[in-house]
Every structure is written in C-alpha cells, then in structure tokens.
Amino acid sequence: MDPELSAVLNKLGASQSAFPAGNVAESRAACEANFIAPHKAFLQSHLPSEDTYTLTDHIVPVDGGEITVKCIIPIVSDRETFPVLVNLHGGGWCLSSTEMDDYSLRIRCVKHKLSIVNVEYRLAPEYPFPTPLNDCYHALRWVASNTSLLKADLEKGFIVGGDSAGGNMSAVFAHILRDDPFFEGRRLTGQLLCEPQVCHYAAYPESLKAKFRSIFEQTGQPTLTRAMLDPFYAWYDAMPSDPRFSPLLYPSHEGLPRAYIQAMALDLLRDDALVYAEVLREAGVEVEVDLYVLTLRAKVRAASLTSSGLMRSTAT
C-alpha cells in the first residue's frame with residue numbers, strides 16, 4: 001500500500017472493523033465517525049467563500065413520501081447558466097448521506113462552475129431496492145424540469161455521478177435515461193463512476209468471470225471487505241441478476257453517454273470498474289479510466305470533471 005495513504009487511513013481510523021458486519025446502526029455510526037467527519041474536517045479549510053455559491057434545499061415528491069435535494073449553484077452573472085451534476089452519494093445503499101460529499105461538491109461547484117444537485121435518497125434496509133433507485137430517478141426528473149431554478153443548461157452538460165453505490169446507480173441511470181421518453185431532448189451527457197459496483201459476484205457472466213479477480217484477491221483490504229459487502233447486499237435486497245442492480249447485465253450498452261471511471265488497484269471492486277470500462281468501449285461508448293496504483297477504496301476524488309471531458313462546453 002502507498003505509505004502516504006496508509007498514514008491517512010491510520011489517522012482516519014479506517015480498519016477492518018470500520019463497518020461492523022451485520023449491524024446497520026453501528027455501521028452508520030462508524031461511517032459518520034471514520035469517514036464523513038474526518039473527510040469534512042480535512043476539506044474545511046479548502047472551502048470556497050460563501051459569497052461564491054448558494055446552498056438551497058428543495059423537497060422532491062417520491063413514491064410514498066418525499067426526499068430532499070441539496071442544490072449548490074455558483075454566484076456569477078445573473079444570465080450565466082451552467083452544466084449540472086446530479087450527485088448520488090455512496091455508502092452501500094444503506095449508509096451515509098449528502099453530508100459525505102457536501103464540502104467536496106461546494107469546491108467543485110465554484111472551481112468548475114457547475115450547478116450541483118446532491119440527492120438525499122432513502123436508505124436500505126428500511127427502504128430496500130428499488131426505493132433508493134426510484135428516489136434518485138424522481139430527483140433526475142426534477143432536475144430536468146427545473147433548469148431555470150438551477151441556472152442549468154443541459155446542453156452544456158447533464159451528468160450523473162457518484163461513489164461506490166452512487167456509482168452503481170449512476171451506471172444504471174445511464175441506461176434508464178437513454179431509453180426513457182421523458183428525457184427525450186434532454187439526455188444525459190456524462191456518467192461519473194467512482195469505484196462503482198456494476199455486477200453482483202453471483203451473477204458474473206461466464207464470458208467475463210475470469211476477469212473479476214479482485215473480489216477474491218482483495219478480500220481483507222480495509223475500507224471494504226467481503227464481510228462488509230455481503231450485509232450491504234442483503235440489506236439492499238436486490239436480485240443479483242437484475243440489471244438495475246448489476247448494470248453490466250443490461251442487454252445493450254450502445255448509445256450511453258461518455259463515461260469517466262475511477263478504480264483503485266487494491267479495492268475489492270477494482271475489476272468492476274475495469275471490466276465495465278472494457279465492455280462500454282466495446283459498445284462504442286467514449287470512456288476514460290484512471291486506475292490509482294497502490295491505493296484502495298477511500299475518499300479519493302482526484303480528477304476534475306473538466307479534464308475528463310464530461311461537460312460539452314469543455315469536451316474536445
């Protein structure tokens with residue numbers, strides 16, 4: 001492991017017991033203590049001035065209730081519009097909240113002139129599959145219908161992205177929104193997949209099975225182990241073969257928006273990212289991948305959206 005990363009993990013307290021296996025309440029508390037709080041503390045001094053962006057909560061009706069979306073918009077000329085990023089936080093569909101990415105998204109908003117919508121979807125096991133996914137779908141529809149409120153121009157960029165479980169759902173939405181008539185004329189332009197899970201290990205296609213090695217080789221690495229992963233799967237309660245849970249299994253990946261994918265070399269789900277990138281390329285999708293060597297799953301957010309070409313206004 002990279003010695004600098006090892007030192008950071010030791011400081012954050014990330015270890016094999018970071019998420020107590022089988023106990024969702026304890027896992028949520030550990031996520032807050034070991035990841036969310038230290039991550040925000042680290043970024044506190046890097047936050048842009050509060051007069052450079054607005055931060056507003058909006059309520060979005062969903063099936064059986066409502067959710068909150070936290071909107072971050074740059075403060076510039078009244079007439080200027082921006083690409084929009086819809087952020088779906090990670091946490092195994094069961095942990096975390098919009099607080100995980102809050103500070104990093106404020107930085108992105110100002111640095112890259114992005115309108116950002118951070119989605120507080122409901123969590124499993126209280127709200128198992130497909131509720132988290134459906135909540136995020138309603139949030140995406142809300143974004144497409146409220147561009148004026150968000151000072152957004154979907155022609156400049158309409159991006160969905162997230163880390164881990166958020167990356168999983170983002171990959172799913174790349175397929176759903178490609179085919180959904182509601183989004184005709186306002187399709188996604190990009191998908192940002194950081195450390196995504198794209199296929200349950202019980203549903204690997206025979207033709208690709210040999211390429212999924214990390215799920216068996218990296219079982220004891222801190223921040224995500226098999227002992228942590230399996231309860232997340234159980235709490236989410238999705239069928240392994242359902243493409244809305246294992247987007248690798250969609251029958252076609254043609255016509256998807258360009259993708260930027262991050263993978264960590266020591267991550268349990270490293271090969272999800274790498275195999276998915278290969279499959280997307282074979283389907284004619286424009287893909288950029290960054291593989292971080294000697295690193296594992298952590299709050300690594302090293303790449304910018306602009307350098308990845310996910311926004312039309314900056315793509316080459």
Side-chain angles (χ1 to χ4, degrees), residues 21-22 24 63 88-95 121-138 140 160-180 188 191 193-219 224-257 259 261 263 267-285 287 289 297:
V24 70
D63 299 334
L88 313 179
H89 69 79
W93 308 277
C94 309
L95 316 179
Y121 58 88
R122 292 173 290 179
L123 300 175
E126 295 88 348
Y127 297 95
F129 177 87
T131 297
L133 193 70
N134 289 343
D135 285 356
C136 294
Y137 173 73
H138 284 291
L140 284 159
V160 64
D163 179 280
S164 191
N168 165 266
M169 292 191 290
S170 297
V172 170
F173 285 125
H175 293 82
I176 291 176
L177 271 62
R178 174 195 62 185
D179 304 326
D180 190 334
L188 289 176
Q191 48 182 319
L193 314 179
C194 180
E195 312 163 329
Q197 184 268 5
V198 299
C199 193
H200 190 290
Y201 57 77
Y204 291 155
E206 283 297 327
S207 61
L208 297 173
K209 216 174 240 188
K211 296 183 179 182
F212 286 95
R213 302 187 306 275
S214 60
I215 191 73
F216 307 108
E217 296 173 352
Q218 305 294 342
T219 56
L224 184 65
T225 68
R226 280 286 294 273
M228 300 173 197
L229 181 64
D230 287 337
F232 292 158
Y233 284 166
W235 293 331
Y236 194 38
D237 198 25
M239 287 291 294
S241 60
D242 190 326
R244 296 173 300 164
F245 174 53
S246 296
L248 177 69
L249 303 181
Y250 273 100
S252 173
H253 305 289
E254 294 182 359
L256 294 180
I261 302 174
D267 181 21
L268 188 72
L269 299 179
R270 174 199 66 210
D271 294 332
D272 277 58
L274 300 182
V275 171
Y276 196 57
E278 179 182 323
V279 168
L280 291 184
R281 285 194 180 111
E282 290 175 354
V285 179
V287 181
V289 180
R297 176 174 297 260

**Message:** Apply side-chain contact (heavy atoms from CB on, under 4.5 Å) to residues E195 and L269 and explain how you reach the verdict.
**Reply:** CA-CA 7 Å; E195 312 163 329; L269 299 179; over 6 Å; no
**Request:** To the nearest 0.5 Å, tell me how far R122 CZ sits from D63 CG.
**Result:** 7.5 Å
**Side chains of P196 and D272 in contact at under 4.5 Å (non-hydrogen atoms)** = no
**Request:** Answer yes if the ring centres of Y121 and Y127 are under 6.0 angstrom apart, and no otherwise.
**Result:** no
**Asked** Do the non-hydrogen side-chain atoms of D237 and P125 ever get within less than 4.5 Å of each other?
**Response** no
**Request:** Give, for atom CG of L133 and atom CD1 of I176, the distance between the pair rounded to the nearest 0.5 Å.
**Result:** 5.0 Å
**Complete:** What one should report as the nearest heavy-atom pair of I261 and V287 is CD1-CG1, 4.1 Å
**Request:** Take V24 and L123 through the side-chain contact (heavy atoms from CB on, under 4.5 Å) test and state the conclusion after the steps.
**Result:** CA-CA 11 Å; V24 70; L123 300 175; over 6 Å; no
**Fill in**
Nearest heavy-atom approach of H89 to L95 is CE1-O, 3.5 Å
**R270 side-chain N/O to R213 backbone N/O, donor-acceptor pair under 3.5 Å** = no
**Asked** Do H175 and R244 come close enough that some side-chain heavy atom pair is under 4.5 Å?
**Response** no
**Message:** Distance check, rounded to the nearest 0.5 Å: S246 atom OG versus Y201 atom OH?
**Reply:** 11.5 Å
**Item:** Residues forming a side-chain contact (heavy atoms from CB on, under 4.5 Å) with P240, sequence neighbours excluded
**Value:** H200, A202, A203
**Request:** Tell me, please, which residues at least two apart from Y137 pass ring-ring contact (aromatic ring centres under 6.0 Å, His included).
**Result:** none
**Message:** Looking at every heavy atom in both V172 and P243, which two are closest together, and how far apart are they?
**Reply:** CG2-O, 3.8 Å
**Request:** State, with a plain yes or no, whether a side-chain heavy atom of F173 is found less than 4.5 Å away from one of Q191.
**Result:** no
**Prompt:** Taking C-beta and beyond as the side chain, do W235 and F232 meet within less than 4.5 Å on heavy atoms?
**Reply:** yes
**Request:** Could you tell me whether the side chain of R281 reaches within less than 4.5 Å of the side chain of V289, counting heavy atoms only?
**Result:** yes
**Item:** Considering all heavy atoms, the nearest H253-L256 contact
**Value:** O-CG, 3.1 Å
**Message:** Which heavy atom of Q197 sits nearest to which heavy atom of C199, and what is that distance?
**Reply:** NE2-C, 3.4 Å
**Asked** Are the side chains of V198 and N168 in touch, meaning some heavy atoms are under 4.5 Å apart?
**Response** no
**Prompt:** Given L229 and I215, is the side-chain contact (heavy atoms from CB on, under 4.5 Å) satisfied, shown in steps?
**Reply:** CA-CA 10 Å; L229 181 64; I215 191 73; 3.9 Å; yes
**Message:** Assess whether a salt bridge exists between K209 and E206, defined as any Lys/Arg side-chain N lying under 4.0 Å from an Asp/Glu carboxylate O.
**Reply:** yes
**Request:** With rounding to the nearest 0.5 Å, note down the distance linking CG in L188 to CG in L177.
**Result:** 4.5 Å
**Prompt:** Can you check side-chain contact (heavy atoms from CB on, under 4.5 Å) on F129 and D242, steps first, answer last?
**Reply:** CA-CA 11 Å; F129 177 87; D242 190 326; 3.6 Å; yes
**Request:** Enter the distance from Y276:OH to K211:NZ here, rounded to the nearest 0.5 Å.
**Result:** 15.0 Å
**Asked** Are L248 and F212 side-chain neighbours, meaning at least one heavy-atom pair lies under 4.5 Å?
**Response** yes
**Message:** Distance check, rounded to the nearest 0.5 Å: T131 atom OG1 versus E126 atom CD?
**Reply:** 11.0 Å
**Complete:** Note: L88 and S170 closest approach over all heavy atoms is CD1-OG, 3.7 Å
**Request:** Look at the side chain of D271 and the backbone N and O of S214, then say whether any donor-acceptor pair between them is shorter than 3.5 Å.
**Result:** yes
